[in-house]
Amino acid sequence: MPTPRPAADDGGPDPDLAPALTPASLPAPDGGLDLTLLYRGPLSSCDYDCPYCPFAKRRDTPEQLRADRAALARFTDWAGGRAGTGDTLSVLFTPWGEGLVRSWYRRALVGLSRLPHVRRVAIQTNLSCRTDWLAEADLDTLALWVTYHPGQVGYERFLAKCRELDALGVRYSVGVVGRPEHLAEARRLRAALNPAVYLWVNAAEGLAYTDAEAADWTALDQYFGYSRHAHPSGGRPCRTGDSVLSVDGDGTVRRCHFVREELGNLYDGSYRPRLRGRPCPLPVCDCHIGYVHLETLPLYEVFAGGVLERVPHDW
């Protein structure tokens, strides 16, 4: 394994891990909503450069980082401002790059976790950041969706991070991309992880699995079958656009990350009248953060209580 690169940061310790998130609240004239929000701001830099990852990997300029920080602050202020409106929120951060090496994402997770109207706040992360900041969060609300990238981080270093999460009492899942060269490392990791931690496997993009190959991965993740094949979705009911929404750094609301039609803007409330159940306009859905919300699949039952952090309900 190569020597891991030091995690990027914006410099210095976190000055305030739980800023007040209490801007003036806007009333909800149509009553409170229970919303799940997938937030993806402009951040696209990452300390890893996985060759199989479809996300763009580049270094953000200082100006781009400032813009991302401002966009996230606006989002967390909005979320704090929903206090007293009757809205309840669940938030999953799905950055193009790695968020937790940036102090503003750590502060956002801690602050949001402490809000009584936030049911869950989670983030997809490679866990290259330090973990001590998690002690400041409400760990009944905060959770992590962690990905192990063999070849980008040493096995022992990654496992030590997982053990730090265990010691802190953090709720998390951990997974790998199901490439053939990762199988031995995935088996090694599963054997060493706390049995209470669910290990998931994402089917590699563009890779067809024989039944024997799929059986190897299913032995590690009993739900691998849901990832192995894309799911027919066209014309089928999905929770996205109704109770599940995608939000970008400008506050543009879409039904999900994969459908470009705009439903309005988060900050002026123009999205709210357009919330309703509607069929998926795409023929197939092949990403977990999309198909988990299909009403034709039983994944809300499989992951009940852990949809955002990808933890099965009976794990």
Side-chain angles (χ1 to χ4, degrees), residues 28-41 54-55 75 78-79 82 86-96 119-122 124 145 200-209 214 221 223-313:
D30 49 355
L33 300 175
D34 186 12
L35 296 174
T36 294
L37 304 177
L38 279 60
Y39 176 87
R40 179 175 288 165
F55 296 164
F75 175 76
W78 174 88
R82 302 318 295 167
D87 284 359
T88 54
L89 306 175
S90 300
V91 179
L92 174 63
F93 293 104
T94 62
W96 289 116
R119 296 180 184 270
R120 176 76 76 217
V121 58
Q124 295 177 319
W145 167 326
W200 48 263
V201 178
N202 272 352
E205 185 175 4
L207 183 62
Y209 295 82
D221 174 11
Y223 301 115
F224 173 70
Y226 288 110
S227 182
R228 181 183 177 188
H229 300 294
H231 296 277
S233 57
R236 303 190 182 195
C238 182
R239 297 170 179 86
T240 61
D242 185 8
S243 61
V244 180
L245 303 170
S246 167
V247 181
D248 70 14
D250 294 326
T252 300
V253 174
R254 297 177 174 87
R255 64 176 300 164
C256 74
H257 289 329
F258 314 107
V259 177
R260 301 311 300 166
E261 179 189 4
E262 297 181 6
L263 300 181
N265 191 275
L266 192 71
Y267 302 124
D268 64 11
S270 57
Y271 70 98
R272 293 177 79 97
R274 299 196 64 190
L275 298 183
R276 65 179 184 276
R278 46 169 67 81
C280 180
L282 303 181
V284 296
C285 187
D286 63 358
C287 183
H288 180 91
I289 60 173
Y291 66 69
V292 72
H293 304 295
L294 278 172
E295 295 183 41
T296 51
L297 296 177
L299 294 180
Y300 265 50
E301 290 73 38
V302 169
F303 293 96
V307 169
L308 295 192
E309 64 272 27
R310 201 170 177 173
V311 173
H313 79 281

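Please read these numbers as outputs of a predicted model, since none were measured by experiment.
Between R40 and T94 the shortest heavy-atom distance is NE-O, 2.6 Å. Considering all non-hydrogen atoms of both residues, F224 and N202 come closest at CE1-C, 4.4 Å. The minimum heavy-atom distance between W78 and L37, with the atom names listed, is CZ3-CD1, 3.6 Å. Nearest approach of L294 to S233, heavy atoms of both residues: CD2-CB, 4.0 Å. When every heavy atom of P273 is checked against every heavy atom of G269, the shortest pair comes out as CD-O, 3.6 Å. When all heavy atoms are compared, the tightest approach of L308 to L92 is O-CD1, 3.7 Å.
Between the CZ atom of R119 and the OG1 atom of T36 there is a distance of 9.0 Å, given to the nearest 0.5 Å. Here the straight-line distance linking atom CG of L38 with atom SG of C256 works out to 8.5 Å at 0.5 Å rounding. Note that CG of L245 and OG1 of T252 are 12.5 Å apart. Values are rounded to the nearest 0.5 Å.
At least one side-chain heavy atom of Y300 sits less than 4.5 Å from a side-chain heavy atom of H293. Residues P298 and Y226 are in side-chain contact: their nearest non-hydrogen atoms beyond the backbone lie under 4.5 Å apart. You'll find the side chain of I289 reaches within 4.5 Å of the side chain of F258, heavy atoms only. At least one side-chain heavy atom of F75 sits less than 4.5 Å from a side-chain heavy atom of V91. Residues V121 and F93 have side chains in contact (heavy-atom distance under 4.5 Å, counting atoms from C-beta outward). Using a 4.5 Å heavy-atom threshold, the side chains of L266 and Y39 count as separate. D87 has its side chain within reach of R272: a pair of non-hydrogen atoms, C-beta onward, lies under 4.5 Å apart. Considering only heavy atoms from C-beta on, R239 comes within 4.5 Å of E295 through its side chain.
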Show your working on salt bridge (charged side-chain N to carboxylate O under 4.0 Å, His left out) between D221 and R310 and close with a plain yes or no. CA-CA 12 Å; D221 174 11; R310 201 170 177 173; 5.0 Å; no
R120 vs S90, test: side chain to side chain donor-acceptor pair (under 3.5 Å). Steps then yes/no. CA-CA 5 Å; R120 176 76 76 217; S90 300; over 6 Å; no
Walk me through whether S270 and N265 qualify under side chain to side chain donor-acceptor pair (under 3.5 Å). CA-CA 5 Å; S270 57; N265 191 275; 5.9 Å; no
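Judged by distance alone, the side chain of R254 and the main-chain N or O of S246 form no donor-acceptor pair under 3.5 Å. For the pair R228 (side chain) and Y209 (backbone), a donor-acceptor distance under 3.5 Å is present. With H313 contributing its side chain and E301 its backbone, the two residues share a donor-acceptor pair below 3.5 Å. When atom types are taken as modelled, the side chain of H257 and the backbone of G290 share no donor-acceptor pair closer than 3.5 angstrom.
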Under 3.5 Å, side-chain donor or acceptor atoms of residues 275-283 against the rest of the protein: list the pairs with distances, not counting sequence neighbours.
from : atom 1 : to   : atom 2 : distance (Å)
R278 : NH1    : G241 : O      : 2.9
R278 : NH1    : R274 : O      : 3.4
R278 : NH1    : R276 : O      : 3.3
R278 : NH2    : R274 : O      : 2.8

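Note on ring orientation: taking the six-membered ring where Trp is involved, the planes of F303 and Y223 are tilted (angle from 30° to 60°).
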